[in-house]
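Read through the structure below, which is laid out as structure tokens, and then see the notes.
Read the numbers this way: they start at 1 and go in the same order the structure lists the ligands and their atoms.
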Amino acid sequence: MVALRSKYLLILAVFLPKIMATGDPNQVILSPNSEIPNESQEIIPETIESSNVYISGDLLCSNDGCYPLIFEPTTEWQIIKPEQRLPAGLDIRVNLETGLKEAKIGDDTIKVASSEETKEKNNNQIVAKNDAVSDDSKFNYEFSDQFEIIRDSLDSGDYVTTEKKFEEILEFAHDYKHGFKIVSNEFDILSTICVNETLPLSLRELDARFIIGCVRNNPPVVEYIRERFPNFVRDLFKSINTFQDATEDVKFIVKRFINILTVMIEADPTYIVGINDFNTMKKVYYTIDDKQMKIKILEIISSFIDRVHQDDIAPVMKRDGILFVVPEISDWVSEYTKFIKDVDTDEAHLRKFFTTLHNLKTDFGKDLKVDPSFLNWLVDQVEVRKQHLQNGLEERDPEQDEFDRKLIDSRHLVFGNELADSIKRFHDEL
Ligand SMILES: *[C@@H]1O[C@H](CO)[C@@H](O)[C@H](O)[C@H]1NC(C)=O
Ligand SMILES: *[C@@H]1O[C@H](CO)[C@@H](O)[C@H](O)[C@H]1NC(C)=O
């Protein structure tokens with residue numbers, strides 16, 4: 001900590017807001033002295049204690065008034081008020097004297113760093129980048145020739161050739177090592193083709209398929225994209241919104257995008273599924289009748305709900321947090337129960353969706369009703385799972401057993417009241 005001369009710590013990392021927090025921001029560097037504002041001009045909301053803040057619609061309120069729940073970033077540093085949630089990709093710094101956090105729109109570079117150590121880091125990064133971009137002829141790897149042709153044909157509008165080259169190397173995208181090599185050299189172009197509205201849909205779809213090949217079952221690729229291309233996920237969501245008509249071609253490419261999003265969001269605990277993302281997914285869910293795609297969208301929503309559920313905050317905050325992004329939660333509960341009951345749903349998805357429903361029911365209690373047919377299903381499943389636990393097989397699958405026990409217990413602990421209610425209704429109707 002010897003080098004801490006400035007009174008600001010600048011955190012250039014995707015910030016982990018409280019609601020999603022799973023770890024510390026991974027990079028802390030110094031801001032330059034010129035960044036220090038005149039202290040007496042700062043407005044410090046000292047009087048607002050975070051424990052007095054409550055959510056009201058899309059606002060956070062305390063005795064002193066209300067402010068937006070979602071931080072509204074500008075290019076200027078602004079103080080992050082208690083409990084405010086941050087969009088991804090902002091630059092964050094901490095005022096060491098007041099302990100308050102400030103944020104502004106990130107500029108994707110580490111230009112403002114001033115300590116020797118980070119300067120050095122910067123230079124290295126820039127050098128590395130230049131190598132990859134401008135020195136193509138020298139910086140060769142297995143696929144540099146193909147991508148040179150891809151770039152040239154894109155420039156000249158010869159998209160037939162672009163597609164042909166992509167087809168040629170498509171199989172390598174799935175390969176663990178080649179996939180990473182391609183992404184680390186070419187993702188600047190891969191990430192723009194699929195969202196470029198002026199290009200043919202067939203080419204954009206092919207590019208999306210190529211990206212799916214790279215990200216699937218390849219955590220280093222996902223990590224690389226997450227760190228270097230933090231706006232990629234949001235760009236995909238935005239791009240889905242630009243489609244006007246749900247033609248067959250459009251449905252096809254949107255399904256590809258959803259596939260990519262499922263992998264990226266699942267792997268990124270810092271990504272916040274925002275209201276806009278959610279509205280996009282809802283639109284897609286009800287427009288495109290494709291079971292596999294619907295399952296993927298439910299997976300994304302599950303990731304969001306389960307993260308909020310696991311967060312160490314008061315239950316009422318969890319509920320409000322979930323309702324803020326997913327207002328029609330009961331419609332989604334119906335979708336989850338539908339897929340849980342569906343005999344064609346595989347065990348992995350059944351477990352995931354059941355767990356989400358379990359989490360929701362735990363947080364919402366009686367305010368969340370589940371369908372009586374789901375409760376019937378649960379009663380049957382309790383018997384099936386009990387038999388499975390008692391089948392006497394020596395070789396146990398601990399995860400399976402744990403899930404089975406959870407399901408059995410949930411009948412009384414989580415869904416118990418409703419079961420009692422529905423039995424009572426049944427008797428009342430006799
Ligand atoms: C900060 O601003 C106040 C009032 O605007 C001024 O009186 C003071 O001299 C300034 N301090 C510095 C260090 O510039
Ligand atoms: C979209 O592609 C065209 C043709 O290659 C290119 O001229 C244009 O700059 C691209 N737009 C974006 C936003 O990348």
Side-chain angles (χ1 to χ4, degrees), residues 14 73 75 87-90 105-109 111 125-126 128-137 139 141 143-170 172-173 179 181-215 221-222 224-247 249-261 263-264 271 274 276-277 280 284:
V14 179
T75 50
L90 299 185
I105 292 169
D107 52 10
D108 284 344
T109 54
K111 285 199 285 271
Q125 272 176 5
I126 290 158
K129 231 182 187 167
N130 286 347
D131 269 359
V133 178
S134 67
D135 237 1
D136 272 352
S137 53
F139 195 79
Y141 71 107
F143 305 100
S144 42
D145 290 349
Q146 279 89 346
F147 274 94
E148 205 179 317
I149 297 172
I150 285 173
R151 282 170 209 276
D152 289 348
S153 58
L154 270 178
D155 285 346
S156 62
D158 177 8
Y159 304 129
V160 175
T161 302
T162 320
E163 290 190 22
K164 210 174 106 214
K165 284 290 142 190
F166 266 123
E167 296 275 8
E168 252 176 51
I169 54 173
L170 187 57
F172 297 103
K181 233 178 217 178
I182 292 171
V183 165
S184 58
N185 283 289
E186 316 290 356
F187 203 68
D188 54 340
I189 190 149
L190 290 175
S191 64
T192 51
I193 292 175
C194 62
V195 297
N196 186 327
E197 290 173 53
T198 65
L199 297 175
L201 273 181
S202 58
L203 173 58
R204 296 172 60 190
E205 188 273 332
L206 181 56
D207 178 61
R209 201 163 4 127
F210 196 90
I211 295 173
I212 293 167
C214 296
V215 297
V221 165
V222 173
Y224 181 90
I225 297 173
R226 198 156 95 61
E227 281 188 0
R228 308 290 180 98
F229 296 84
N231 297 325
F232 178 58
V233 166
R234 195 129 270 148
D235 288 346
L236 287 181
F237 273 123
K238 276 191 205 143
S239 180
I240 293 177
N241 276 328
T242 62
F243 295 119
Q244 299 299 326
D245 308 306
T247 62
D249 287 353
V250 165
K251 287 180 185 176
F252 210 50
I253 188 170
V254 167
K255 283 192 251 176
R256 303 281 186 219
F257 282 7
I258 295 289
N259 275 347
I260 302 173
L261 288 170
V263 178
M264 295 303 299
Y271 187 78
N276 292 342
D277 303 341
T280 304
V284 170

Does the gap between the ring centers of Phe229 and Phe187 come in under 6.0 Å?
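They qualify: ring centres under 6.0 Å apart.
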Enumerate the protein residues lying less than 4.0 Å from ligand 2, judged by heavy-atom distances, in chain and residue-number order.
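Contacts of ligand 2 under 4.0 Å: Leu154, Tyr159, Asn196, Thr198, Leu199.
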Apply side-chain contact (heavy atoms from CB on, under 4.5 Å) to the pair Leu261 and Ile240, showing each step before the final yes or no.
CA-CA 11 Å; Leu261 288 170; Ile240 293 177; 4.1 Å; yes
Taking atom CZ of Phe252 as the centre, report whether more than 12 heavy atoms of other residues, nucleotides or ligands fall under 6.0 Å from it.
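Not more than 12 within 6.0 Å, no.
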Acceptor/donor pairs from residues 194-201 side chains to any protein atom, 3.5 angstrom cut, sequence neighbours excluded:
{"residue": "Asn196", "atom": "OD1", "partner": "Thr198", "partner atom": "N", "Å": "2.9"}
{"residue": "Asn196", "atom": "OD1", "partner": "Thr198", "partner atom": "OG1", "Å": "2.7"}

Return the set of residues passing side-chain contact (heavy atoms from CB on, under 4.5 Å) with Asn276 (not counting sequence neighbours), or none when no residue passes.
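By the side-chain contact (heavy atoms from CB on, under 4.5 Å) rule, Asn276 matches no residue at all.
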Using side-chain contact (heavy atoms from CB on, under 4.5 Å) as the criterion, list what pairs up with Val263, not counting sequence neighbours.
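Scan of Val263 (side-chain contact (heavy atoms from CB on, under 4.5 Å), adjacent residues dropped) gives Val215, Val222.
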